[in-house]
Amino acid sequence: MRKTIGKLFLILILYLFASCGQGQIETPPEAMNKFEAFKSKEKFIADDTFFYPGIGDEKLKPILTEKINLAAEDFEKAAKSKNATAQDYQNVIKKGLQRFSSIYIEIDTEDRERICSYFEELMDIVGLESSDGQLNDFMYDFDLTNDQ
C-alpha cells in the first residue's frame, strides 16, 4: 500500500513538473494577421480610448514608429517559432524597450504611456499576461545605461 501511494505521489510530481514546463505560450491562429495589421496602422495619433492627444514632438513620430514596428517584428519571430515561452517574450519586450534608451529623455510622458500601450497590444496578440514589470520600469524607472 505504501509503495502504491509513493508511486502515485511520484507520478503526480512528475506530471506537475511536465505541465509547468517552460511556460510555453500557444500562438493564436490569427496572430500573424494581427501582427501585420498592427505594423501597418498609423501610430502616435490622437486616440480618445487612451486619452492620448497625439505625439508631443512630431519629429519623433517616424523614429518611435520604427522602434515599435521592430518590436512587433520581434514578437512575430518569437510567435513563429511555435514554442515560444513567456521568458522568450519577456526577452523580446526587454530588447524592444531598450531601443528607446538613446532617445528616452526626449519622449514625453504621454508618448511613453502610448509606447507601453503598444507593447500591451503586442502582448495581447500572443496571449502574454504580464511584462513582468518591464513596462512599469520603462515608464517610471528606466535605466539609461542599457543603451543598445
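None of the values given here were measured: they were computed from a predicted structure. For reference, positions follow the sequence shown, starting with 1.
- For E113 (side chain) and D108 (main-chain N/O), no donor-acceptor pair under 3.5 Å exists by modelled atom type.
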Q. Should Y52 and D111 be marked as a side-chain contact (heavy atoms from CB on, under 4.5 Å) after you check the CA-CA gap, both sets of side-chain angles, and the distance that decides it?
A. CA-CA 8 Å; Y52 179 65; D111 295 334; 2.4 Å; yes
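- At a threshold of 4.0 Å, the pair E121-K41 counts as salt-bridged, since one of the basic side-chain nitrogens sits closer than that to a carboxylate oxygen.
- A cation-pi arrangement, defined by a distance under 6.0 Å to the six-membered ring centre and an angle within 45 degrees of its axis, is absent between K77 and F35.
- N91 and Q87 share a side-chain donor-acceptor pair at under 3.5 Å.
- When all heavy atoms of Y89 and A78 are compared, the closest pair comes out as CE2-CB, 3.6 Å.
- Formation of a donor-acceptor pair under 3.5 Å by the K43 side chain with backbone atoms of F38 is found in this model.
- One distance of note links CG of N136 with OG of S131; it measures 7.5 Å at 0.5 Å rounding.
- By the 6.0 Å contact criterion, CD on E36 is enclosed, its count of non-hydrogen atoms from other residues, nucleotides or ligands being greater than 12.
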Q: Take D74 and R99 through the side-chain contact (heavy atoms from CB on, under 4.5 Å) test and state the conclusion after the steps.
A: CA-CA 12 Å; D74 292 340; R99 287 187 177 113; 2.8 Å; yes
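- Within the 4.5 Å cutoff, side-chain heavy atoms of M32 are placed close to those of T27.
- A donor-acceptor contact shorter than 3.5 Å is absent between the side chain of Y118 and the backbone of A72.
- Heavy-atom minimum distance, E58 versus I55: OE1-CG2, 3.2 Å.
- Of all non-hydrogen atoms in A46 and P53, the two that sit nearest each other are CB-O, 3.6 Å.
- The side-chain heavy atoms of F75 and V126, taken from C-beta on, include a pair separated by under 4.5 Å.
- Residues E42 and T65 fail the side-chain proximity criterion, which asks for heavy atoms closer than 4.5 Å.
- The heavy-atom pair separating A84 from S81 by the smallest distance is N-OG, 3.5 Å.
- Looking at K34 and D124, their side chains never come closer than 4.5 Å, going by heavy atoms from C-beta outward.
- With sequence neighbours excluded, no residue satisfies ring-ring contact (aromatic ring centres under 6.0 Å, His included) with F119.
- Two residues are said to be in side-chain contact when any heavy atoms from C-beta on lie closer than 4.5 Å; I25 and L128 meet this criterion.
- R114 forms a cation-pi arrangement with F50, by the criterion of a distance under 6.0 Å to the ring centre and an angle within 45° of the ring axis.
- Residues M139 and I115 fail the side-chain proximity criterion, which asks for heavy atoms closer than 4.5 Å.
- Not a single donor-acceptor pair under 3.5 Å links the side chain of E110 to the backbone N or O of G56.
- Across all their heavy atoms, A71 and V92 have their closest contact at O-CG1, 4.2 Å.
- Within 6.0 Å of atom CD in E129, 12 or fewer heavy atoms from other residues, nucleotides or ligands are found, so the atom counts as exposed in its surroundings.
- A 4.5 Å side-chain heavy-atom check between F44 and I68 finds at least one atom pair inside the cut-off.
- Between the side chain of D88 and the backbone N or O of T85 there is at least one donor-acceptor pair closer than 3.5 Å.
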Q) Which is it for I93 and M123 under the side-chain contact (heavy atoms from CB on, under 4.5 Å) test, yes or no, and what are the steps along the way? A) CA-CA 9 Å; I93 292 169; M123 291 166 52; 4.0 Å; yes
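- Taken together through direct or relayed side-chain contacts under 4.5 Å among Ile, Leu, Val, Met, Phe, Trp and Tyr, I103 and F138 form part of one hydrophobic cluster.
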